[in-house]
Amino acid sequence: MPELPEAETIARDLDPRLAGGRVTDITVHHHDVLATDPATFGRQLIGRTFAGAGRRGKNVVLPLEDGGRLVVNLGMTGRLVLSDAPRAGELRHVAVRFTLEDGRSLLYDDTRRFGLLEVFEADAWRERDAELGIEPLGDLFTAGALHAMTRRTRVPIRNFLLDQYRVAGVGNIYALEALFRAGVRPTRRSHTVTRAEAARLRDALQDVLRRAIGNRGTTFSDYRDGSGERGGFEPLLQVYGREGTPCAACGTQIRRRVLSNRSVFYCPACQR
DNA sequence: AACGCGCCCTGTCCGC
DNA sequence: TGCGGACAGGGCGCGT
């Protein structure tokens, strides 16, 4: 569920409300979401003050006033919520609670605990940041830049888009939607993608991600109960989860297959 | 060395 | 109605 748009939405919500919050205590309910042991984690953060919230790829980045950072990878089911948020009391899988000086708490909730919380000091974060791929909504993500990258590898283009060390922030859902809009089959080897296709893919990726952010990052996953934001991006999905239904462009049945242990959906007529 | 695959974990859904 | 099994996607570690 959480890809770039979800991380962006969380960061925007948190930014003004978390700034100035000083950590006075940390309770770890599930240590497997931490990069270190709980005692070390506590020593790293207690007494330090959040400066706000941002994003890098799919990571929510919480800068500290002294230049360090708490970096949160949300995995599949991670959420970051302040205790005074409307539905904070409904969280059922709180893994870590950060008590703040003003009495509020920052809660990290993660049902499946695929997420990871890690503290970086300034230098270490610069290194980590440099390892991550290009930001798909950034100025550097041009058609030429994307094409130069795709030409250098033979991996299927869907796998290329999922690799956080190439393009940072794209997950399976938005990758497949962008490939459909660009008319490129997910299994196509990256190096065969033409310049024109790379240009369409860049535009499609940006369009899909921006629309998703406009919908507050709401994807299909929370449609079944009204526990969170209602409405959402799901009606906008044109191929993901639509096996057997007619393609919106040509009517051909959408096909599903498995690529690298993960579902791929595409229109066999529109995507070459 | 780039790449593919299995696994981590839980909730939901489907078929018997 | 209950239950087992398949399935979901992110990322890491390992084998090739």
Side-chain angles (χ1 to χ4, degrees), chain A residues 1-10 28-36 55-61 71-80 90-96 108-118 120 128-129 131-133 135-136 148-179 186-193 208-209 212 217-228 232-234 237 239-244 254-266:
Chain A
M1 190 227 310
E3 301 184 21
L4 183 154
E6 291 75 22
E8 178 72 25
T9 301
I10 290 172
V28 177
H29 295 105
H30 294 287
H31 67 88
D32 49 357
V33 301
L34 302 180
T36 63
R55 177 191 65 76
R56 175 74 171 97
K58 297 174 187 173
N59 302 292
V60 176
V61 178
V71 177
V72 181
N73 186 297
L74 300 163
M76 267 304 297
T77 52
R79 300 175 175 205
L80 275 170
E90 297 171 20
L91 297 176
R92 298 179 57 186
H93 299 277
V94 175
V96 183
Y108 178 67
D109 185 278
D110 192 344
T111 307
R112 293 174 68 178
R113 305 202 299 281
F114 282 7
L116 187 69
L117 278 59
E118 187 166 7
F120 288 87
R128 173 71 178 151
D129 184 32
E131 288 168 3
L132 290 172
E135 281 289 332
M149 292 170 72
T150 56
R151 285 175 59 180
R152 293 201 305 263
T153 175
R154 305 173 66 87
V155 293
I157 187 67
R158 193 286 310 261
N159 295 17
F160 174 95
L161 293 173
L162 289 196
D163 186 342
Q164 301 302 296
Y165 297 96
R166 303 185 201 270
V167 180
V170 181
N172 202 34
I173 299 169
Y174 298 127
L176 294 175
E177 291 300 313
L179 286 165
T187 48
R188 270 278 291 286
R189 301 265 173 183
S190 298
H191 73 288
T192 70
V193 170
V208 163
L209 293 172
T218 320
T219 47
F220 68 105
S221 292
D222 36 76
Y223 73 97
R224 44 182 89 76
D225 64 6
S227 74
F233 194 69
E234 202 248 347
L237 298 179
V239 286
Y240 189 88
R242 299 226 180 284
E243 179 184 19
I254 298 299
R255 207 169 278 175
R256 171 186 182 270
R257 55 166 288 194
V258 175
L259 174 66
S260 302
N261 278 335
R262 205 143 286 172
S263 285
V264 142
F265 298 89
Y266 63 98

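In what follows, chains carry the letters A, B, and so on, assigned in the order in which the sequence lines appear, proteins first and then strands, with residues in each chain numbered from 1.
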Open item on the list: Measuring to OP1 and OP2 of B:dC9, would you say a side-chain N or O of A:Thr111 lies under 4.0 angstrom away?
Closed with: no
Task: Watson-Crick or G-U wobble mate for B:dG11, both contacts under 3.5 Å - done: C:dC7
- [ ] Could you state the atom-to-atom distance from NE2 of A:His191 to P of B:dC3 in whole Å?
- [x] 11 Å
Task: A:Asp109 CG to A:Leu80 CG distance, which is reported to the nearest 0.5 Å - done: 9.5 Å
TODO: For B:dC9 and C:dC3, measure between their P atoms and round to the nearest Å.
DONE: 23 Å
Task: N or O in side chain of A:Arg113 less than 4.0 angstrom from B:dT10 OP1/OP2 - done: yes
Task: A:Gln164 side-chain N/O to C:dG11 phosphate OP1/OP2 under 4.0 Å - done: yes
- [ ] Please determine if a side-chain N or O atom of A:Thr77 lies less than 4.0 Å away from the OP1 or OP2 oxygen of B:dG11.
- [x] no
Task: Closest-nucleotide 5' rank along DNA chain B - winner of A:Leu259 and A:His30 - done: A:Leu259
Task: Gap separating the CG atom of A:Asn172 from the OH atom of A:Tyr240, nearest 0.5 angstrom - done: 5.5 Å
Task: A:Arg152 CZ to B:dC3 P, straight-line distance once rounded to whole Å - done: 11 Å
- [ ] Inspect the surroundings of NE2 in A:His191 and state if more than 12 heavy atoms from other residues, nucleotides or ligands are less than 6.0 Å away.
- [x] yes
Task: Short side-chain N/O contact to B:dG4 OP1/OP2 from A:Asn159, under 4.0 Å - done: yes
Open item on the list: Tell me whether the side-chain N/O atoms of A:Arg166 come closer than 4.0 Å to OP1 or OP2 in B:dC3.
Closed with: yes
Task: Atom pair distance, as rounded to whole Å: CG in A:Asp110 and C1' in B:dT10 - done: 10 Å
- [ ] In whole angstrom, give the distance that lies between atom CZ of A:Arg158 and atom P of C:dG10.
- [x] 9 Å
TODO: Could you tell me the separation between the CG atom of A:Asn172 and the C1' atom of C:dG10, rounded to a whole number of Å?
DONE: 10 Å
Task: Spacing between A:Leu176 atom CG and C:dG10 atom P, to the nearest angstrom - done: 10 Å
Open item on the list: If you define the side chain from C-beta out and look only at heavy atoms, does anything of A:Thr187 sit under 4.5 Å from A:Arg257?
Closed with: yes
Task: P atoms of C:dG11 and B:dA1, separation to the nearest Å - done: 25 Å
TODO: Report yes if at least one side-chain N or O of A:Asn261 is closer than 4.0 Å to OP1 or OP2 of B:dG4; otherwise report no.
DONE: no
Open item on the list: Tell me the interatomic distance from A:Met76, atom CE, to B:dT12, atom C1', rounded to whole angstroms.
Closed with: 12 Å
Task: Nucleotide nearest A:Tyr240 when distance is taken to its side chain, options C:dG11, C:dA8, B:dC5 - done: C:dA8
Open item on the list: Nearest 0.5 angstrom please: A:Leu162 CG to A:Gln164 CD, how far?
Closed with: 7.5 Å
Open item on the list: What is the distance, to the nearest angstrom, from the CG atom on A:Asp109 to the C1' atom on B:dT10?
Closed with: 12 Å
Task: A:Asn159 versus A:Arg262, side-chain donor and acceptor atoms under 3.5 Å - done: no
Open item on the list: Using the P atom as the point on both nucleotides, what is the distance between C:dA6 and B:dG6, in whole Å?
Closed with: 14 Å
Open item on the list: Does C:dG10 have OP1 or OP2 under 4.0 Å away from a side-chain N or O of A:Tyr165?
Closed with: no
Open item on the list: By a 5.5 angstrom centroid cut-off and a 30 degree plane limit, is there stacking between A:Phe114 and C:dG10?
Closed with: yes
Open item on the list: So for A:Arg262 and C:dG11, does any side-chain atom that can act as donor or acceptor lie under 3.5 Å from a complementary atom in the base?
Closed with: yes
Task: Touch class at under 4.0 angstrom, heavy-atom based, for A:Arg256 against every strand present - done: sugar-phosphate
Open item on the list: Strictly below 4.0 Å: does A:His93 bring a side-chain N or O up to OP1 or OP2 of B:dG11?
Closed with: yes
